[in-house]
Amino acid sequence: MSGNPAVVMRLMASAYAVAEKAGAITRRVLQSGDLGIVEKTGANDLQTLADRLVQQSICASLSKHFPQITIIGEEDLPEEEVKEDLIESGQFEEILQKACPVEFNTLKEEELVVWVDPLDGTKEYTEGLLDHVTVLIGIAHGGKAIAGVINQPFYNYELGAGAQMGRTLWGVLGLGAFGFQLQEVPDGKRIVTTTRSHSNKLVTDCVEAMEPDEVIKVGGAGNKIIQLLEGEASAYVFASLGCKKWDTCAPEAILHAVGGKLTDMHGNAYRYDANVKHMNSTGVLATLRNHQYYASRVPQSVLQALKTD
């Protein structure tokens, strides 16, 4: 690409590089044998050393090169000097070579909001369910998720020593999504993916109302969206509180870039402005195809319980 790439593409190229570094940090903490676990609000809401180091790395790296963007990270960390070895200055060249979608060409740094989940699936990370774990960096403009990066630090880990571990998926609205092979669930099959550790009657009732052939229970919002992208599930159904904006911004952007859809249980889009509340309080419904079918199956009891503000 000739000339100076647009801010969005430069930010994405940096986000990709820092997500790769985040994956390496996450693997290194695990190999050290000391996860540095603390409970935030309880046993289902944990924070590890990897959460803390990765958030520092992502926020400090992106702030250094894009000082006017707004960054919102999951972890509430004290202000402190970030060690130099956590700063990533590289950019993923392949992204810089692609043409920026016309509607994002003139966006300025100060118009962009970055949502960061340093370790999506922390509980699974502490339990050794490593394929559930992702690092999420989402970019929003005008309240809409427009671009995102998902790193899977332990992709291929089951293949053992010598395997190339980890991968990074990314996407931009109007450009497409990369780093994986898009696949669909076989025709006529309905496979629902849902929460592994945050279930309740509302969630179960809603899943059953979809009349699925199969239900998969796994951790991590990023992981569930990857299941949709790779044809392992038809719908991600979570009729409850618990999911936050940093869980859905990056995955939503990548899903939307390939024609999928993520909404709340009422079929409304979430907003990702800097000043919105962090909780996705009206649940999450995501699909690669046939969103209307799944939205139409949501029980009235769920819609009543998850009232829009």
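The model shown is predicted, which means the values in this text are computed figures rather than measured ones. Every heavy atom of this structure was used, including side-chain atoms; hydrogens, water molecules and symmetry mates were not.
Side-chain contact annotation: Thr263 with Asn268, donor-acceptor N/O pair under 3.5 Å absent. Under the 3.5 Å distance criterion, with hydrogens and angles disregarded, a donor-acceptor pair is assigned to the side chains of Glu93 and Gln97.
Ion pairing of Asp85 with Lys83 is absent here, as no side-chain N (NZ or NE/NH1/NH2) approaches a carboxylate O to less than 4.0 Å. For Glu230 and Arg167, the salt-bridge test passes: some basic side-chain N is under 4.0 Å from an acidic carboxylate O. The pair Glu74-Lys244 does not count as a salt bridge, with every side-chain nitrogen at least 4.0 angstrom from each carboxylate oxygen.
Tracing side-chain contacts under 4.5 Å through hydrophobic residues (I, L, V, M, F, W, Y), one reaches Phe66 starting from Val114; they form part of the same cluster. In the hydrophobic clustering of this structure, Phe238 does not group with Val218; members are Ile, Leu, Val, Met, Phe, Trp, Tyr whose side-chain heavy atoms approach within less than 4.5 Å, directly or through other members. In the hydrophobic clustering of ILVMFWY residues, with side-chain heavy atoms under 4.5 Å counting as a link, Ile191 and Leu255 come out apart. Hydrophobic clustering, with ILVMFWY side chains joined whenever heavy atoms are under 4.5 angstrom apart, groups Ile71 together with Ile137. Neither Trp170 nor Ile225 shares a network with the other; the hydrophobic side chains, linked directly or stepwise wherever heavy atoms of I, L, V, M, F, W or Y lie under 4.5 Å apart, form separate groups for each.
Around atom NZ of Lys261, no more than 12 heavy atoms belonging to other residues, nucleotides or ligands sit under 6.0 Å away.
Between Phe104 and Leu173, the shortest heavy-atom distance links the atoms CE1-O, 3.4 Å. Tyr270 approaches Gly283 most closely through the heavy-atom pair OH-O, 2.7 Å. Contact between Met9 and Leu96 at its shortest, heavy atoms only, is O-CD2, 4.0 Å. Nearest approach of Ser240 to Leu306, heavy atoms of both residues: N-CD1, 3.8 Å. Contact record, Leu62 with Ser14: CD2-CB, 3.9 Å, taken as the closest heavy-atom pair. Asn105 and Ala6 make their closest contact through O-CB, 3.7 Å (heavy atoms, listed as atom of the first residue, atom of the second, distance).
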Given Ile58 and Lys21, is the side chain to side chain contact (heavy atoms under 4.5 Å, CB included) satisfied, shown in steps?
CA-CA 9 Å; Ile58 294 171; Lys21 186 180 191 76; over 6 Å; no
Is there a side chain to side chain contact (heavy atoms under 4.5 Å, CB included) between Leu11 and Ile69? Walk through the geometry before answering.
CA-CA 10 Å; Leu11 179 55; Ile69 57 172; 4.0 Å; yes
Is there a side chain to side chain contact (heavy atoms under 4.5 Å, CB included) between Thr248 and Cys243? Walk through the geometry before answering.
CA-CA 8 Å; Thr248 53; Cys243 214; 3.9 Å; yes
Between Tyr293 and Arg190, is the side-chain hydrogen bond (donor to acceptor under 3.5 Å, both in side chains) condition met? List the steps.
CA-CA 11 Å; Tyr293 166 81; Arg190 275 198 295 275; 3.3 Å; yes
Checking side chain to side chain contact (heavy atoms under 4.5 Å, CB included) for the pair Asp120/Ile150: CA distance, chi angles, key distance, verdict?
CA-CA 10 Å; Asp120 182 39; Ile150 301 176; over 6 Å; no
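Each of Lys144, Lys245, Glu252 was checked for a side chain to side chain donor-acceptor pair (under 3.5 Å) with Tyr272, and the lone residue meeting it is Glu252.
One distance of note links CG of Leu262 with CD1 of Ile254; it measures 12.0 Å at 0.5 Å rounding. A distance of 16.0 Å separates OH in Tyr236 from CG in Leu288, rounded to the nearest 0.5 Å. Annotation: the span from Asn223 atom CG to Gln152 atom CD amounts to 6.5 Å, rounded to 0.5 Å. Rounding to the nearest 0.5 angstrom, the gap separating the NZ atom in Lys224 from the CG atom in Asp247 is 8.5 Å. Atom CG of Leu46 is separated from atom OG1 of Thr122 by 7.0 Å, given to the nearest 0.5 angstrom.
No side-chain heavy atom of Val215 sits less than 4.5 Å from a side-chain heavy atom of Thr193. Side-chain atoms of Ile87 and Ser57, non-hydrogen and from C-beta on, never get closer than 4.5 Å to each other. Side-chain contact check for Pro101 versus Val172: some heavy-atom pair is nearer than 4.5 Å.
Both tests pass for Lys98 against the ring of Phe178: distance under 6.0 Å to the centre and angle within 45° of the axis.
Judged as a side chain to side chain donor-acceptor pair (under 3.5 Å), and not counting sequence neighbours, the contacts of Gln47 are Arg52, Glu75.
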